[in-house]
Structure formats: structure tokens, C-alpha cells
Amino acid sequence: MERIKQALEKAKSQAAGSTTGWSGVSPGAFVAAESKASADTGDVSSLAYSHTRVVTLDPTHLEKHRVVAFNKNDPSTVAFDRLRTQVLQKMDEKAWRTLAITSPNEGAGKTVVAINLAISIARQTGKTAMLVDFDLRRPKIAKYLGFDAERSLNEVLAGQATVADALINPGIPRLVVLPTMRPEQLSAELLSSRVAESLIQELRNRYPDRIVIFDLPPLLNTDDALVALPQIDAALLIIGNGEVTEAELKDSYRCFTADRLLGTVLNKGEESANYY
């Protein structure tokens with residue numbers, strides 16, 4: 001454990017000198033009118049979904065896939081609530097609205113963190129949350145939440161559906177999910193396309209009180225995450241306890257500029273959660 005902490009500090013100091021750039025793109029024209037929240041008052045405490053499909057999730061299925069934030073009686077939710085508060089404080093300081101979740105390699109639990117963080121953010125009445133499955137190579141969000149969809153991000157990127165057609169409300173107020181239902185062979189090419197760039201900007205700019213979380217592929221397996229990162233405001237790096245080497249951490253930190261990496265989350269820790 002101590003070795004991991006030391007490696008984190010070394011890699012973080014190296015990231016501070018990185019010259020990797022981040023850039024914005026022009027907004028697109030995607031229709032995503034999934035709710036009737038008041039645009040005049042900014043009231044997001046109660047949303048009436050008029051177009052978005054609403055599904056009912058199975059608590060047993062969620063627990064099996066380590067989705068715990070839906071159940072406030074589970075002491076494990078405290079970790080995600082603390083992460084939520086830290087993330088929102090840093091993002092609010094710079095008016096950031098989009099957040100990438102990635103990891104150095106497979107198996108770190110990035111998708112589980114992304115789902116639980118999105119649920120925790122949605123529970124704050126001053127915010128809404130959108131969870132987007134941008135892991136086009138191995139999408140897992142719909143599987144972990146336990147629902148199916150005829151139209152998803154696959155159809156949106158292909159120009160066969162609007163965002164509004166593909167959104168899902170998982171029965172949790174102020175949360176919508178844009179799933180990917182099938183793996184895409186040309187995933188990096190899709191993520192670097194003008195359609196994807198316009199989509200990211202549209203999702204970012206449509207609602208000022210919304211945090212959009214993008215579940216990205218791991219950094220070191222493909223170039224998919226590297227393509228998407230420059231278009232997203234900020235990022236969290238998820239590492240599995242005892243599952244990453246110092247070299248992998250250094251390589252991962254080089255993918256970010258220090259000011260855009262909000263922090264590193266050590267997942268699969270040994271500490272048990274306790275009630276206050």
C-alpha cells in the first residue's frame with residue numbers, strides 16, 4: 001500500500017510538468033429535451049420525464065455488480081458521497097461540467113465508480129447527472145445497471161437516432177443514462193469524429209446544472225481515451241489496489257495536464273465502511 005502511495009506522488013509530480021494540451025470543440029445540434037425542468041428558475045429538484053424512457057432497476061442485480069449508491073442505508077455510499085463533494089467543489093471552481101472516468105488498465109473498477117458517482121451526484125437536489133458510456137470497445141453500463149435498449153449511443157453516432165431517443169432514466173430522480181449497447185470496431189475513429197465532438201459539447205452546454213460523466217476505456221490498452229480526453233473538462237483516474245505498477249502510473253499521468261486531472265481514486269481498498 002505504501003509503495004502505491006509513493007508511486008502516486010512520483011507520477012503526480014511528473015504530470016505537473018506535462019505539456020499535453022486540452023482543447024474545446026464547436027457545439028453541435030443534438031436534441032435532448034428529456035425533462036421539463038424549469039429553464040427560467042433552474043429548479044432541478046423535481047423533474048418530470050416526458051420523453052425519456054424510465055426503467056425499474058433490480059436491487060439484487062445492482063448489488064451483484066457493486067452498485068451501492070442507490071441504497072442510502074449501505075455504509076459504502078459514504079465513500080462515493082465524499083468523492084462527489086470533492087469532485088463538485090473542484091468542478092464548480094472552474095465552471096466545469098464534463099468529467100471523464102478512466103484507468104490505466106482493465107479491472108480497476110472504473111465503470112463501477114462512474115455509476116456510483118453519477119447516482120450520488122443526482123441525489124443532490126441542486127444538480128442533475130448524465131452518465132454516458134464512452135467505452136465503445138467494451139461497454140458495460142447497461143449490463144451493470146441491468147437494462148436493455150433498442151436505441152443507444154450506437155444509433156446516435158450513426159445518425160439513426162437523437163440523444164432524446166436513446167436516453168434512459170433508471171428510476172432515480174435527476175439521473176439519465178446514455179448507454180452503448182454494442183461494441184464498436186472503429187471505436188477510436190468514432191470518438192474522434194465531428195459527430196462525437198459535437199455530441200460532447202451539446203451535452204455539456206444544454207443544462208448548466210448538469211454534470212456529464214463519461215466512462216472512458218483504459219488509457220494504456222488503446223488510444224480511445226486519448227482521443228476523447230482533450231474534449232472533456234476534467235478527469236478522474238481510477239486504480240485498483242495492488243493492480244498497477246509504478247511504470248503504468250507514470251505512463252497514465254503523462255496523458256493529462258496537471259490542472260485537468262482532479263485526482264486519483266484508489267479502488268478496492270481494504271478499509272471497511274462504518275456508520276457515523
Side-chain angles (χ1 to χ4, degrees), residues 22-37 39 42 44 47 49-53 84 87-88 91-92 94-102 110-111 114-115 117-122 124 126-136 139 141-142 145 149 151-170 172-181 184 187 190-217 224-225 227-236 260 262:
W22 291 68
S23 60
V25 294
S26 300
F30 288 85
V31 178
E34 74 276 8
S35 66
K36 292 182 178 178
V44 296
L47 299 184
Y49 291 97
S50 58
H51 187 97
T52 301
R53 176 187 166 207
R84 169 195 68 193
V87 165
L88 291 182
M91 293 186 71
D92 285 345
K94 299 190 177 182
W96 287 340
R97 299 176 193 163
T98 54
L99 176 67
I101 306 288
T102 185
K110 65 178 181 60
T111 300
I115 293 173
L117 178 59
I119 294 174
S120 182
I121 290 174
Q124 280 205 343
K127 297 287 185 182
T128 65
M130 173 182 281
L131 179 59
V132 183
D133 197 337
F134 249 34
D135 192 342
L136 302 185
I141 288 177
L145 290 176
R151 289 175 291 188
S152 65
L153 184 58
N154 302 94
E155 285 70 35
V156 174
L157 294 177
Q160 299 169 354
T162 66
V163 171
D165 294 332
L167 287 178
I168 299 287
N169 169 245
I172 298 171
R174 298 179 296 277
L175 174 63
V176 289
V177 178
L178 182 55
T180 297
M181 300 307 300
E184 294 283 356
S187 52
L190 279 173
L191 291 172
S192 63
S193 68
R194 288 183 177 270
V195 174
E197 291 178 1
S198 297
L199 172 63
I200 292 171
Q201 289 304 306
E202 173 63 17
L203 296 181
R204 182 192 188 280
N205 296 326
R206 189 167 187 85
Y207 297 110
D209 294 312
R210 167 180 286 167
I211 300 298
V212 186
I213 296 177
F214 295 89
D215 181 23
L216 295 184
D224 293 23
V227 168
L229 278 174
Q231 306 169 50
I232 301 173
D233 293 329
L236 279 178
R260 296 297 180 115
L262 292 188

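These numbers come from the heavy atoms of this one structure, side chains and all, not from hydrogens, waters or symmetry mates.
Annotation: the span from N205 atom CG to T98 atom OG1 amounts to 9.0 Å, rounded to 0.5 Å. To the nearest 0.5 Å, the span separating CZ on F214 from CG on D135 amounts to 13.5 Å. For the atom pair L117 CG and I101 CD1, the distance stands at 5.5 Å (nearest 0.5 Å). A distance of 4.0 Å separates CZ of F134 from CD1 of I200, quoted to the nearest 0.5 Å. Within the model, atoms CZ of R97 and CG of L99 stand 14.5 Å from one another, a figure rounded to the nearest 0.5 Å. The OG atom of S152 sits 11.0 Å away from the CG atom of L167 when rounded to the nearest 0.5 Å.
Side-chain contact between L136 and L153 is present, with at least one heavy-atom pair separated by less than 4.5 Å. Side-chain atoms of D92 and K127, non-hydrogen and from C-beta on, do get closer than 4.5 Å to each other. In this structure, the side chains of V163 and E202 stay at 4.5 Å or more apart for every pair of heavy atoms. In this structure, the side chains of I213 and I121 come closer than 4.5 Å at one or more pairs of heavy atoms. A heavy-atom distance below 4.5 Å is found between the side chains of T111 and I141.
Listed here is the closest heavy atom pair of A118 and A129: O-CB, 3.5 Å. Annotation for D233 and R204: closest pair OD2-NE, 2.9 Å, computed over non-hydrogen atoms. The shortest heavy-atom contact between I232 and R260 is O-NH1, 4.3 Å. The two residues P217 and A225 come nearest to each other via the heavy atoms O-CB, 3.5 Å. Across all non-hydrogen atoms, the minimal contact from A100 to L229 is CB-CD2, 3.8 Å. Closest heavy-atom contact between T162 and V156: O-CG2, 3.6 Å.
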Exercise. For L88 and Q124, run side-chain contact (heavy atoms from CB on, under 4.5 Å): C-alpha distance rounded to whole Å, both residues' side-chain angles, the deciding distance at 0.1 Å, then the answer.
Key: CA-CA 11 Å; L88 291 182; Q124 280 205 343; 3.2 Å; yes
Practice problem: Report the C-alpha distance between L216 and D224 in whole Å, list the side-chain angles of each, state the deciding distance to 0.1 Å, and finish with yes or no for side-chain contact (heavy atoms from CB on, under 4.5 Å). | Solution: CA-CA 8 Å; L216 295 184; D224 293 23; over 6 Å; no
Exercise. Evaluate the criterion side-chain contact (heavy atoms from CB on, under 4.5 Å) for residue pair V87 and I211; output intermediate values, then yes/no.
Key: CA-CA 10 Å; V87 165; I211 300 298; 5.8 Å; no
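No side-chain donor from either of N169 and T52 sits under 3.5 Å from a side-chain acceptor of the other. Side-chain polar atoms of D209 and T128 form no donor-acceptor pair below 3.5 angstrom.
Residue R151 qualifies as open at atom CZ: its count of foreign heavy atoms under 6.0 Å is 12 or below.
Between D215 and K110, at least one side-chain nitrogen of the basic residue sits less than 4.0 Å from a carboxylate oxygen of the acidic one, meeting the salt-bridge criterion.
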